[in-house]
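In what follows, chains are A, B, ... by sequence order, proteins preceding strands, each numbered from 1.
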2 protein chains.
Amino acid sequence: MDYTSRMGGKALGARLRRLSETIDRDATRAYATAGTRFEQRWFGTLNQLAINGPMTVSELAAALRITHVSVSQARQSLEKNGLIASQDDDADARRRYLALTGAGTRLIRRLQPLWRAMEAAALEVNAEADDAIAALDRLDEALARRSLFDRIMQRLGNEETNS
Amino acid sequence: MDYTSRMGGKALGARLRRLSETIDRDATRAYATAGTRFEQRWFGTLNQLAINGPMTVSELAAALRITHVSVSQARQSLEKNGLIASQDDDADARRRYLALTGAGTRLIRRLQPLWRAMEAAALEVNAEADDAIAALDRLDEALARRSLFDRIMQRLGNEETNS
DNA sequence: AGAATTTATGTAGGCGCCTACCATTCTGGC
DNA sequence: GCCAGAATGGTAGGCGCCTACATAAATTCT
C-alpha cells in the first residue's frame with residue numbers, strides 16, 4: 001500500500017493519473033517494440049474514422065468525449081503523418097471532414113494484431129482486478145449524478161452552486 | 001455507456017486519464033472558489049513535509065511514487081511561492097533538505113477544512129461507486145505482478161522480455 | 001436585410017507528469 | 001589514495017489533454 005492508497009480519497013486524482021500514465025507508457029513501449037511510429041492520441045480519431053467513415057472535428061470530439069481542441073491537434077499530427085486528409089464541406093464552410101487516407105487504412109490494418117493483443121492484455125488485467133472497468137463505470141456515473149466540485153462545496157457550507 | 005467504455009480495454013488508459021482530469025479540474029475549481037492559490041502538484045510534497053518534517057527530493061519522490069524530476073519542479077514552484085525552503089545537508093552536499101516555511105504551515109492550516117471536505121466528498125463518491133478505490137488497488141497489484149507491456153508482448157508471441 | 005447569437009474550428013499557453021541526458025558528490029574495491 | 005560506478009539533483013523537451021480566447025460562417029430574430 002503506497003502513499004496514494006493510504007491517502008484514501010485525498011489523492012484519488014493523483015492515483016488515477018499515475019495509473020493512466022503507467023498504461024499509456026506501456027502502450028507506447030509496445031508500439032515502439034512493434035516497430036511502428038504511433039502516438040496515443042491518434043487512436044480515438046483513427047478508430048472512429050475506421051468505424052464510421054468521414055467525420056467532422058466536432059463529431060469526433062463528441063464521440064470521443066474530448067474537446068474539439070484536442071481533436072484539432074490530433075488532426076494536425078495525423079495529417080502531417082499522412083494518415084488522414086481533411087476536406088471542406090460544400091454545404092457548410094465551417095465544417096471540416098476528416099477521412100482516412102490509404103496510408104491510414106494500411107496503418108490500421110498493420111496494427112490489428114497489436115491492438116488485439118492490447119485488448120486481450122487489458123481484459124486479462126481487468127479480470128485479475130475483479131472488473132475494475134465496472135468500478136470506473138460506477139465512478140463516472142456517480143460523478144455525472146453530482147460532480148465532485150458540488151459535493152465539496154456542499155460540505156463547506158458554501159452553496160455557490162455555480163455549476 | 002460512452003465510447004471509451006464501449007471500447008473495453010483498448011481505451012482503458014484514455015478512460016483513466018479523463019477521470020483523473022475531471023477530478024483534478026474539480027479540485028482546482030474548489031481551491032479557486034475557496035480563494036486560495038494552490039497548485040495540485042504541491043499537495044504531495046506539502047503533505048509529506050507536514051507529516052514527516054524535512055525530507056530530501058529523493059525521499060519525497062520515493063514516498064510519492066513520482067520521479068525526482070517532478071519533485072524538483074514542485075520544489076521550485078513551492079519555493080518561489082515561499083511555502084518551503086531548502087537547506088543543504090552538511091554531511092552530503094548532494095542532498096537538499098526541503099522544509100515547510102511559516103507561510104507553508106499556515107497555508108496547510110488554512111486548507112484543512114477544504115481538504116477535509118475533499119476527502120469526505122471523495123469517500124462519498126467512492127462509496128457510491130461501490131469502492132472503486134479498492135478496484136484501483138487491485139489494478140495496481142495486477143500490473144505490479146506483471147506489467148501490461150509484458151502481457152501484450154507475450155500475446156504477440158514476441159518474447160523480447162526486455163522488461 | 002442587418003444585428004445578435006450560435007456553431008465549427010483554430011491558436012496560445014498551461015497542467016502534472018514523464019524520459020533522456022548532464023553535473024556534482026559520495027562510496028567501495030583495489 | 002584513487003577511480004569506477006552509484007546516488008542525488010537539475011534542465012530540456014515532450015505527452016495528451018485542457019481553458020481562454022479568436023475567427024469565420026451559419027442561423028435566428030425583428
Determine the contact category for [X]: base if any of its heavy atoms lies under 4.0 Å from a base atom, sugar-phosphate if only primed atoms, P, OP1 or OP2 are that close, otherwise nothing.
X       : answer
B:Gln76 : sugar-phosphate
A:Thr28 : nothing
B:Glu39 : sugar-phosphate
A:Ser70 : base

Please name all residues satisfying side chain to side chain donor-acceptor pair (under 3.5 Å) with [X], sequence neighbours left out, ordered by chain then number.
X       : result
B:Arg96 : B:Ser86
A:Asp88 : none
B:Ser70 : B:Thr67

### Query
Which nucleotide of DNA chain C is the first, and which the last, in the 5' to 3' direction, to come under 4.0 Å of a heavy atom belonging to chain B?
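The protein-touched segment is C:dG16 to C:dC26.
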
Roughly, in whole Å, what's the span from [atom1] in [X] to [atom2] in [N]?
X       : N      : atom1 : atom2 : value
B:Leu60 : D:dG10 : CG    : P     : 11 Å
B:Arg75 : D:dT8  : CZ    : C1'   : 12 Å
B:Glu21 : D:dT19 : CD    : P     : 9 Å

### Query
Should A:Glu59 and A:Asn52 be marked as a side chain to side chain contact (heavy atoms under 4.5 Å, CB included) after you check the CA-CA gap, both sets of side-chain angles, and the distance that decides it?
CA-CA 11 Å; A:Glu59 285 168 356; A:Asn52 303 321; over 6 Å; no

### Message
Suppose the criterion is salt bridge (Lys or Arg N to Asp or Glu O under 4.0 Å): which pairs have a residue in residues 98-110 of chain A, not counting sequence neighbours?
### Response
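Residue pairs passing salt bridge (Lys or Arg N to Asp or Glu O under 4.0 Å), neighbours aside: none found.
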
#### Entry: salt bridge (Lys or Arg N to Asp or Glu O under 4.0 Å) involving B:Glu128 - partner list, sequence neighbours excluded
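Once residues adjacent in sequence are excluded, the partners of B:Glu128 under the salt bridge (Lys or Arg N to Asp or Glu O under 4.0 Å) criterion are A:Arg145, A:Arg151.
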
### Message
Run the salt bridge (Lys or Arg N to Asp or Glu O under 4.0 Å) test against B:Asp24 and tell me which residues pass, sequence neighbours left out.
### Response
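Partners of B:Asp24 by the salt bridge (Lys or Arg N to Asp or Glu O under 4.0 Å) criterion, ordered by chain and then number, come out as A:Arg17.
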
### Message
With nearest nucleotide decided by heavy atoms, which residue, B:Arg96 or B:Arg17, maps closer to the 5′ end of DNA chain D?
### Response
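Result: B:Arg96.
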
#### Entry: Residue list, side chain to side chain contact (heavy atoms under 4.5 Å, CB included) with A:Arg95, at least two apart or on another chain
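Only A:Thr56, A:Asp89, A:Asp92, A:Tyr97 meet the side chain to side chain contact (heavy atoms under 4.5 Å, CB included) criterion with A:Arg95.
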
Nucleotide N/O to protein N/O under 3.5 Å, stretch nucleotides 20-26 of chain D:
| from | atom 1 | to | atom 2 | distance (Å) |
| --- | --- | --- | --- | --- |
| D:dA26 | OP1 | A:Ala93 | N | 3.0 |

### Task
Might you point out which heavy atoms bring A:Leu46 and A:Leu100 nearest each other, and give the distance in Å?
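Heavy-atom minimum between the residues: CD1-CD2, 3.7 Å.
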
